[in-house]
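For this chain, numbers begin at 1 and follow the sequence in order. Excluded from the calculations below are hydrogen atoms, water molecules and symmetry mates; all remaining heavy atoms, backbone and side chain alike, are included.
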Amino acid sequence: MSSAPLGFFDSGVGGLTVVRAVQELLPSEDIIYLGDTARLPYGSKSPETIRQFADEDVRFLLSKEVKAIVVACNTATAHALPTLHSKYRIPIIGVIEPGVEAALSEPSAERVGIIATQGTIRSHAYQHALAQRRTGLVIYGQATPLLVPLIEENWIEHPATKLVLKTYLDPLVEKGIDTLMLACTHYPLLIPVLKELLPGDIRLVDSATTCAEHLKRELTRRELLNPNIGPGILSIHLTDFSEQFGELASHFLKKSTGRIQRAVLG
Ligand code: DGL
C-alpha cells in the first residue's frame, strides 16, 4: 500500500501549488492529480454543489487506487471535508487544518486576517478552526474573488492587481492584523507582491507548504511513506483541457507538466 500513489484534487490547476510543495518535501511519492477544469471555479458555487463535485473527484481518485487523498482546494476543504471523512475510510487531508496550525504556531498571533474565495469565507471554516484552537483571537475574513482570475491571466505584477490587492488589504491592515492567511490555492503566487505591499511585520501563512508538512507527518504516522528512492511520477488529469490550462499548469508547478490526460468523472 505504501508504494501506491497519492491522490490530489482541486477545481483546476491551482492545487498544483500544493503538489509542488509536496514534491519538494516527499520527492519519491507518485502523485495522481485531478483538476476539475470543466466545472471551475468552485469558489462561487453553493456548498451542496461543492460536496457533490468533491465526492465525484474522490471517486475518480479511488478508481486509481491511491493510498491517501489531499483536498488541494480551500473551497472544497471548507465545504466538503467533514462529509468526505464520514463517507470514506481512506486518509483524506484538507488544506485548512494545516494552515490554521501554522498560523497559531506563533504564540503572539492575535489578529488574523484571512483572504479566500467567497465560498471559503462564507463557510466560516477557517474562522471556526482558528477560534476553536485559541480563545481571544480577533479574526477578519475577507473574500477576494477577483484574485483568481487576475492570477490566471498571469497579471501578478500588473498595476491592476496591485490596486485590487490594496483595496482588499488596506482595511485589514488598518485593523492591525499581525497574520495574513492566504487561504486559496492560487495565492502563494502572490507572495512576492504581498511582501512589497504589506508592512513587513505581517506574517504570511500559505496553505501549500503547511499542507505538505502535515501530509508528511500523517504518512509517517500511518507508515504510508513510499519506500522507493527514485523520483516519483506525477500524472495530471483534467476534466477539460485547453492550451491555456496546460500553460497555467506549468506556471503553477514551475516546471513542465508532462502529458496531461483527460479525466471523465461519473
Ligand atoms: N481552488 C480554489 C480554492 O482554493 C480557487 C479556485 C476556484 O474558485 O475554483 O479555493
Heavy-atom side-chain contact between Leu147 and Leu165 under 4.5 Å: yes
Glu243 atom CD, over 12 foreign heavy atoms within 6.0 Å: no
Leu253/Leu234 under side-chain contact (heavy atoms from CB on, under 4.5 Å): CA gap, chis, key distance, verdict: CA-CA 11 Å; Leu253 203 55; Leu234 167 66; 3.5 Å; yes
Co-membership, hydrophobic cluster, residues Val193 and Leu150, 4.5 Å side-chain: yes
Over 12 foreign heavy atoms within 6.0 Å of CD, Gln261: yes
For residues 202-212, tabulate all N or O donor-acceptor pairs below 3.5 Å that involve a side-chain atom, not counting sequence neighbours.
unit_1 : atom_1 : unit_2 : atom_2 : d
Arg203 : NH2    : Ala103 : O      : 2.4
Asp206 : OD1    : Ala208 : N      : 2.9
Asp206 : OD1    : Thr209 : N      : 3.2
Asp206 : OD2    : Thr209 : OG1    : 3.3
Ser207 : OG     : Asn74  : ND2    : 3.3
Thr210 : OG1    : Asp206 : O      : 3.0
Thr210 : OG1    : Ser207 : O      : 3.3

Side-chain touch Thr117/Arg122, heavy atoms, less than 4.5 angstrom: no
Flag side-chain contact, heavy atom, 4.5 Å: Val100 against Met181: yes
Distance-only donor-acceptor pairs under 3.5 Å for side chains of residues 134-146, two or more places apart:
unit_1 : atom_1 : unit_2 : atom_2 : d
Arg134 : NH1    : Glu106 : O      : 3.3
Arg134 : NH1    : Pro107 : O      : 3.3
Arg134 : NH1    : Ala109 : O      : 3.0
Arg134 : NH2    : Leu104 : O      : 2.7
Tyr140 : OH     : Arg111 : NH2    : 3.2
Thr144 : OG1    : Ala116 : N      : 3.4
Thr144 : OG1    : Ala116 : O      : 3.2
Thr144 : OG1    : Tyr187 : OH     : 2.7

Within one Ile-Leu-Val-Met-Phe-Trp-Tyr cluster: Ile156 and Ile191, side-chain cutoff 4.5 Å: yes
Contact list for residues 115-134, test ring-ring contact (aromatic ring centres under 6.0 Å, His included), sequence neighbours left out: none
Main-chain N/O of Thr37 paired to Thr239 side chain as donor or acceptor, under 3.5 Å: yes
Carboxylate-amine/guanidinium contact Arg51 Glu56, below 4.0 Å: no
hydrophobic_cluster_shared for Leu189 and Leu40, side chain cutoff 4.5 Å: yes
Flag side-chain contact, heavy atom, 4.5 Å: Leu180 against Leu169: yes
Any donor-acceptor N/O pair, Thr161 side chain to Glu157 backbone, under 3.5 Å: no
Qualifying residues under ring pair (Phe, Tyr, Trp, His ring centres under 6.0 Å), relative to Tyr33, sequence neighbours excluded: none
Salt bridge present between Asp55 and Arg59 (N-O < 4.0 angstrom): yes
For the student: nearest non-hydrogen atoms of Ser105 and Ala102, plus distance: OG-O, 2.7 Å
Could you list the donor-acceptor pairs under 3.5 angstrom formed by side chains in residues 17-32, with sequence neighbours left out?
unit_1 : atom_1 : unit_2 : atom_2 : d
Thr17  : OG1    : Gly14  : O      : 2.9
Thr17  : OG1    : Thr185 : O      : 2.9
Arg20  : NE     : Phe252 : O      : 3.1
Gln23  : OE1    : Lys255 : NZ     : 3.0
Ser28  : OG     : Asn228 : O      : 3.1
Ser28  : OG     : Ile229 : O      : 3.3
Ser28  : OG     : Gly230 : O      : 3.3
Glu29  : OE1    : Lys67  : NZ     : 2.7
Glu29  : OE2    : Asn226 : N      : 2.8
Asp30  : OD1    : Ile233 : N      : 2.6

His79 side chain near Thr49 side chain, heavy-atom distance below 4.5 Å: no
Rounded distance (nearest 0.5 Å) linking atom CG of Leu265 with atom NE2 of His237: 11.0 Å
Note, Pro5 side chain near Lys64 side chain (heavy atom, < 4.5 Å): no
Heavy atoms from other residues, nucleotides or ligands near NZ of Lys254 exceed 12 (cutoff 6.0 Å): yes
Side chain Lys45, main chain Pro41, donor-acceptor under 3.5 Å: yes
Straight-line distance of Leu130 CG to Glu101 CD, nearest 0.5 Å: 11.0 Å
hydrophobic_cluster_shared for Ile90 and Val70, side chain cutoff 4.5 Å: no
Gap between atom CD1 of Ile121 and atom SG of Cys184 - 0.5 Å precision: 10.0 Å
Approximate separation, where rounding is to 0.5 Å, of Glu153 CD and Gln244 CD: 6.5 Å
Asp10 (side chain) donor-acceptor with Gly15 (main chain) under 3.5 angstrom: yes
Side-chain touch Phe8/Ile69, heavy atoms, less than 4.5 angstrom: no
Cluster check Ile115, Val95: I/L/V/M/F/W/Y, side chain < 4.5 angstrom: yes
Interatomic spacing from CD1 in Ile151 to NE2 in His251 - rounded to 0.5 Å: 8.5 Å
Thr75 and Thr120 side chains, donor-acceptor separation under 3.5 Å: yes
Lys216 NZ: over 12 foreign heavy atoms closer than 6.0 Å: no
Where at least one partner belongs to residues 170-184, residue pairs that pass salt bridge (charged side-chain N to carboxylate O under 4.0 Å, His left out), sequence neighbours excluded: Lys166-Asp170
Side-chain donor-acceptor pair present, His214, Glu97, cut-off under 3.5 Å: no
4.5 Å side-chain heavy-atom contact, Leu34 and Asp57: yes
Pair Leu6-Leu224, side-chain contact (heavy atoms from CB on, under 4.5 Å): steps then yes or no: CA-CA 10 Å; Leu6 293 167; Leu224 280 176; over 6 Å; no
Interatomic spacing from CD1 in Ile236 to OG1 in Thr257 - rounded to 0.5 Å: 5.0 Å
Under-4.0 Å salt bridge between Arg222 and Glu218: yes
